[in-house]
There are 2 protein chains.
Amino acid sequence: MRPYSHALDKLRTAGLRPTRQRLALAKLLFEGEDRHITAESLHGEALDNNIRVSLATVYNALHQFTECGLLREIVVDASRSYFDTNTTEHHHFFYEHNGKLIDIPSERMLVCEVPDPPEGMSIRRVDVVVRVQEAA
Amino acid sequence: MRPYSHALDKLRTAGLRPTRQRLALAKLLFEGEDRHITAESLHGEALDNNIRVSLATVYNALHQFTECGLLREIVVDASRSYFDTNTTEHHHFFYEHNGKLIDIPSERMLVCEVPDPPEGMSIRRVDVVVRVQEAA
DNA sequence: GTGTTTGCAAAGTGTTTGCAATTTA
DNA sequence: TAAATTGCAAACACTTTGCAAACAC
């Protein structure tokens with residue numbers, strides 16, 4: 001048995017008040033394998049687990065978690081926001097036919113020549129998306 | 001003077017019927033420097049040039065042009081679709097504070113270790129977005 | 001108690017669609 | 001004239017917002 005909650009620690013450390021909703025969502029997100037979610041998918045999962053939470057609260061939580069560095073937002077599709085519980089440096093395979101994402105560990109995908117950022121700018125992040133399709 | 005229209009050629013070659021609207025949009029897009037646009041920005045530009053075209057038609061044209069390989073869609077922001085008139089292989093700097101994009105020529109940004117795609121899949125494209133912010 | 005968070009329903013944004021009218025070949 | 005394209009307005013999907021009620025500390 002876990003002596004105390006990993007999810008609770010995460011919220012405490014991040015300075016987010018551990019409300020019933022945030023704690024339940026954090027448990028879904030952080031007490032298992034790393035994963036990719038959307039607001040809709042997390043909300044559905046919460047309901048499946050008898051966690052009463054509104055979609056608006058799910059959106060709030062996802063953004064707050066992202067701001068605190070507990071999640072990382074991934075932009076692969078112009079019509080939907082994806083979030084990743086793996087916040088370490090890595091990239092993604094994106095299956096365009098079904099919208100699924102798979103991590104590519106950073107060691108397996110090297111960007112070796114990153115150009116200098118434009119004058120007065122600094123690089124915040126380099127995102128690589130490898131779009132894959134069913135082989136011909 | 002240009003003996004015949006570059007834009008018209010592009011449409012002909014692509015097999016798209018050169019309607020007044022498509023031709024006007026193609027002129028805006030292809031008879032100048034390479035550029036990044038959104039449906040909204042292209043529509044505004046058309047109106048500024050006294051080209052009567054509806055936003056729905058702009059969306060249709062952008063998608064048709066993209067399917068024909070005249071444009072390339074760029075995904076950098078989950079809430080808006082960007083298109084690039086430069087369809088050659090290259091990557092982008094994305095200014096998060098103002099939504100502007102700048103091309104990075106392919107030679108200046110090398111992705112040197114691309115992992116094998118998952119079983120049964122083939123790589124359609126590798127997109128690199130370098131997100132920049134105003135330097136601290 | 002006091003400030004924060006929630007849920008709802010309404011509003012917002014970018015995009016797509018159905019269909020009659022128009023245009024192109 | 002037959003088929004493709006357009007424009008409009010309505011519909012859509014996803015996301016955000018305003019605010020009163022509920023909650024955490």
Side-chain angles (χ1 to χ4, degrees), chain A residues 5 7-28 36-47 50-68 70-71 73-83 98-99 101, chain B residues 5 7-28 36-47 50-68 70-71 73-83 98-99 101:
Chain A
S5 165
L8 184 56
D9 283 350
K10 286 224 168 195
L11 294 182
R12 287 252 162 79
T13 307
L16 289 172
R17 189 179 282 197
T19 62
R20 178 177 63 75
Q21 290 86 338
R22 289 211 271 239
L23 192 54
L25 294 174
K27 282 185 176 169
L28 287 178
H36 304 106
I37 53 163
T38 63
E40 206 76 48
S41 78
L42 182 59
H43 185 234
E45 199 176 326
L47 298 188
N50 292 307
I51 297 162
R52 275 189 14 271
V53 60
S54 72
L55 186 53
T57 298
V58 172
Y59 274 105
N60 286 338
L62 287 174
H63 289 137
Q64 293 153 353
F65 291 1
T66 301
E67 269 164 40
C68 297
L70 263 34
L71 290 177
E73 191 167 357
I74 309 168
V75 180
V76 280
D77 179 330
S79 72
R80 186 183 250 81
S81 289
Y82 287 77
F83 297 86
N98 66 8
L101 283 166
Chain B
S5 165
L8 184 56
D9 283 350
K10 285 225 169 197
L11 293 182
R12 287 251 161 79
T13 306
L16 289 173
R17 189 180 282 196
T19 61
R20 177 177 63 74
Q21 292 85 338
R22 288 212 271 239
L23 192 53
L25 294 175
K27 283 186 175 166
L28 287 178
H36 304 106
I37 53 164
T38 63
E40 205 75 47
S41 78
L42 181 59
H43 184 235
E45 200 177 325
L47 298 188
N50 292 307
I51 297 161
R52 275 190 14 271
V53 59
S54 72
L55 186 55
T57 297
V58 172
Y59 273 105
N60 286 338
L62 287 174
H63 289 138
Q64 292 153 352
F65 291 1
T66 301
E67 268 165 38
C68 297
L70 264 34
L71 289 178
E73 190 168 357
I74 310 169
V75 181
V76 280
D77 179 331
S79 72
R80 187 182 251 83
S81 289
Y82 287 77
F83 297 85
N98 66 7
L101 284 165

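Listed candidates were C:dT16, C:dG7, D:dG7. Nearest to the side chain of A:T57 is C:dG7. Comparing C:dT5, D:dT17, D:dT6 against the side chain of A:T19 picks out C:dT5 as the nearest. In the set C:dG7, D:dT16, D:dT5, the nucleotide with an atom closest to the side chain of B:R22 is D:dT5. For B:A56, taking side-chain heavy atoms from C-beta onward, the closest of the listed nucleotides C:dG7, D:dC8, D:dC14 is D:dC8. Of the listed nucleotides (C:dG14, C:dT24, D:dT15), D:dT15 has the atom at the smallest distance from the side chain of A:L55.
Rounded to an integer number of Å, the gap from CG of A:L62 to P of C:dT6 is 12 Å. Regarding A:R52, its CZ atom lies at a distance of 13 Å from the C1' atom of D:dA21, rounded to whole Å. Counting to the nearest Å, the P atom of D:dA24 and the CZ atom of A:R20 are 8 Å from each other. Look at CD on B:Q21: it is 6 Å from C1' on D:dT6, rounded to the nearest Å. For the pair A:E73 CD and D:dT15 C1', the interatomic distance rounds to 11 Å; values are reported in whole Å. One interatomic measurement links the two molecules: CG of A:L25 to P of C:dT5, which rounds to 14 Å at whole-angstrom precision. Taking atom NE2 on A:H43 and atom P on C:dT6, their separation rounds to 13 Å, with Å as the unit. Atom CG in B:L11 sits roughly 11 Å away from atom P in D:dT5 (whole-Å rounding).
Taking CG from B:L11 and CZ from B:R22, the interatomic distance works out to 7.0 Å, rounded to the nearest 0.5 Å. B:R20 CZ to B:T57 OG1: the interatomic distance, rounded to the nearest 0.5 Å, is 9.0 Å. Note that CZ of B:F65 and CZ of B:F83 are 11.0 Å apart. Values are rounded to the nearest 0.5 Å. Separation of atoms CD (B:E45) and CG (B:L25) is listed at 9.5 Å; rounding is to 0.5 Å. Annotation: the span from B:R80 atom CZ to B:E40 atom CD amounts to 7.0 Å, rounded to 0.5 Å.
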**Request:** Under the side chain to side chain contact (heavy atoms under 4.5 Å, CB included) rule, what do B:Q21 and B:I51 come out as? Steps first, then yes or no, please.
**Result:** CA-CA 8 Å; B:Q21 292 85 338; B:I51 297 161; 5.9 Å; no
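At the heavy-atom level, A:H63 lies under 4.0 Å from the strands shown only through sugar-phosphate atoms. Backbone-only contact: B:S81 has heavy atoms under 4.0 Å from sugar-phosphate atoms and none from a base.
OP1 or OP2 of C:dT15 has at least one side-chain nitrogen or oxygen of B:Y59 nearer than 4.0 Å.
What you find for A:V58 and A:A39 is that their closest heavy atoms are CG1-O, 3.6 Å. Contact record, B:A78 with A:V75: N-CG1, 3.9 Å, taken as the closest heavy-atom pair.
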**Message:** For DNA chain D, please output the secondary structure as dot-bracket, reading 5' to 3'. Pairs are Watson-Crick or G-U wobble, both atom distances under 3.5 Å; mark crossing pairs with [ ], other-strand partners with |, unpaired with a dot.
**Reply:** |||||||||||||||||||||||||
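Residue-to-nucleotide proximity on DNA chain C shows that, of B:P18 and B:R80, the 5′-proximal contact is made by B:R80.
Between the side chain of A:R17 and the base of C:dT5 there is no donor-acceptor pair of N/O atoms closer than 3.5 Å.
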